[in-house]
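Worth knowing before you read on, the calculation uses all heavy atoms, side chains too, and leaves out hydrogens, waters and symmetry mates.
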Amino acid sequence: SLVQQFLQAYLSSATKVSSTADENAIRSASKSLSDLETFLSHLKQDTDIPNVDLVSVKVIIDAVAAARSEGRKPMVADVGSAAQDMEVIKTLETQVHRWVREIQKIT
């Protein structure tokens, strides 16, 4: 890499003509450059992170949209009686478990 070819070579030659105090600074800079080179090589690696499809319950989507159109944050009361509907709650719970599994696949 360019870091290794040029900067490390420069620091090596600078070490030969410098004082002890400068040598410590050069060693520290050299280590930092080595760390930078490792970091850059990690960035070059092709990491393919799949998209996570997070589907939500329609009544919640509608409630959030209505709250946004009114310029406010959504509240539980916005879903009305669906907040007490066990089927909606079970559907939401199932969706959340799916989300967790999907997110765990990529992390």
Output a table of donor-acceptor pairs, distance under 3.5 Å, between side-chain atoms of residues 59-72 and any protein atom two or more places apart or on a different chain; print 'none' if there are none.
{"unit_1": "D62", "atom_1": "OD1", "unit_2": "K58", "atom_2": "NZ", "d": "3.2"}
{"unit_1": "D62", "atom_1": "OD2", "unit_2": "K58", "atom_2": "NZ", "d": "3.1"}
{"unit_1": "S69", "atom_1": "OG", "unit_2": "A66", "atom_2": "O", "d": "2.7"}
{"unit_1": "E70", "atom_1": "OE1", "unit_2": "R72", "atom_2": "NE", "d": "2.8"}
{"unit_1": "E70", "atom_1": "OE1", "unit_2": "R72", "atom_2": "NH2", "d": "3.1"}
{"unit_1": "R72", "atom_1": "NH1", "unit_2": "D78", "atom_2": "OD1", "d": "3.4"}
{"unit_1": "R72", "atom_1": "NH1", "unit_2": "D78", "atom_2": "OD2", "d": "3.0"}
{"unit_1": "R72", "atom_1": "NH2", "unit_2": "D78", "atom_2": "OD1", "d": "2.9"}

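Considering CE of M86 and OG1 of T91, their distance stands at 10.5 Å, rounded to 0.5 Å. Going from atom CD of E93 over to atom NE2 of H97 covers 4.0 Å, rounded to the nearest 0.5 Å. In this structure, CD on Q104 lies 9.0 Å from CZ on R101, to the nearest 0.5 angstrom.
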